Amino acid sequence: MSWFTKVVRYLTRPLVAALVALFILANGGGLLELAIGAVLFLLIDLGSRYVVRRVSRN
C-alpha cells in the first residue's frame, strides 16, 4: 500500500465529518443540529465498520 493511500484512508473520516459540520452550519443550523449530526455520523461510521468487519470474516 502506498503512502498516498494510507494518507487518504487516514484523512477520509475527519474530512467527511468536517464537511458535514460545515454543511449544517451553512444552512443555519445551531449547536443542537450540529450535535445531532455528529451523533448520526458517529453511529453510521461505527455501523459501517462493524459491517465491514463482519463481511471480511466470512
Side-chain angles (χ1 to χ4, degrees):
M1 189 180 307
S2 74
W3 66 270
F4 182 74
T5 306
K6 288 180 183 177
V7 169
V8 169
R9 274 187 158 180
Y10 181 75
L11 292 178
T12 301
R13 258 185 236 106
L15 183 62
V16 171
L19 289 174
V20 168
L22 284 174
F23 180 77
I24 290 171
L25 292 175
N27 285 312
L31 289 178
L32 179 63
E33 289 84 359
L34 194 58
I36 292 170
V39 169
L40 289 175
F41 182 80
L42 183 65
L43 290 174
I44 291 168
D45 186 48
L46 292 175
S48 66
R49 286 186 189 187
Y50 175 75
V51 168
V52 167
R53 255 190 246 137
R54 191 163 182 170
V55 168
S56 66
R57 273 193 230 153
N58 294 335

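Just so we're clear, the structure is a prediction, and the values are computed from it rather than from any experiment.
Here W3 contributes atom CH2 and T5 contributes atom OG1; the two are 9.5 Å apart, rounded to the nearest 0.5 Å.
Both Y10 and V8 are part of a single hydrophobic cluster, where members link through side-chain heavy atoms under 4.5 Å apart.
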Pairs of donor and acceptor atoms involving the side chains of residues 14-39, under 3.5 Å and at least two apart or interchain, shall be tabulated with distances.
{"unit_1": "N27", "atom_1": "ND2", "unit_2": "F23", "atom_2": "O", "d": "3.0"}
{"unit_1": "E33", "atom_1": "OE1", "unit_2": "G30", "atom_2": "N", "d": "2.8"}

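With sequence neighbours left out, S48 forms a side chain to side chain contact (heavy atoms under 4.5 Å, CB included) with D45.
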